[in-house]
Undergrad: 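This structure is in C-alpha cells; I'll ask about it shortly.
The structure presented is a predicted model; accordingly, all values stated were derived computationally and were not measured.
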Amino acid sequence: MDWHNRYQRQAEWTQSLRLHLIKTRLDITSQSKVLEVGCGTGVVTDWFKDQQECNVFGLDIDYQSIAV
C-alpha cells in the first residue's frame with residue numbers, strides 16, 4: 001500500500017478543521033515550536049510548515065515512514 005498517498009488523501013479530509021484550529025484556537029508565532037506526534041510520512045507536518053511561520057517537527061515510531 002502507498003501510505004504516503006493515503007495520508008495525503010486523509011489530510012485533505014481534515015484540512016478545514018486544522019485551518020479552523022489554527023485561526024481560532026492556537027496562538028502560534030514565529031517563535032513557536034509545533035510537534036506532530038505520529039506524523040507518518042509527514043504530510044500534515046509539511047502542510048503545517050506551509051501554513052505557519054514557526055518551527056515544525058514530526059515524530060513517528062516507524063522510521064521507514066519518516067524517511068519517505
Undergrad: Can you list, pair by pair, the side-chain donor-acceptor contacts under 3.5 Å of residues 12-20, counting residues two or more places apart and other chains?
TA:
residue : atom : partner : partner atom : Å
Thr14   : OG1  : Ala11   : O            : 3.4
Thr14   : OG1  : Arg18   : NH1          : 2.4
Arg18   : NH1  : Ala11   : O            : 3.2
Arg18   : NH2  : Ala11   : O            : 3.1
His20   : NE2  : Thr24   : OG1          : 3.4

Undergrad: Can you tell me how far apart NZ (Lys33) and CD1 (Ile28) are? Round to the nearest 0.5 Å.
TA: 14.0 Å
Undergrad: Look up atom SG in Cys39 and atom CD1 in Ile61, then write down how far apart they are to the nearest 0.5 Å.
TA: 12.0 Å
Undergrad: If you measure from NZ on Lys23 to CG on Leu21, what distance do you get to the nearest 0.5 Å?
TA: 11.5 Å
Undergrad: I'd like to check the side chain to side chain donor-acceptor pair (under 3.5 Å) partners of Arg6; sequence neighbours left out, ordered by chain and number.
TA: none
Undergrad: Would you list the atom pairs, donor with acceptor, under 3.5 Å between side chains in residues 44-59 and any protein atom, with sequence neighbours excluded?
TA:
residue : atom : partner : partner atom : Å
Thr45   : OG1  : Glu36   : OE1          : 2.3

Undergrad: OG of Ser32 to CG of Asp27: how many Å apart, nearest 0.5 Å?
TA: 7.0 Å
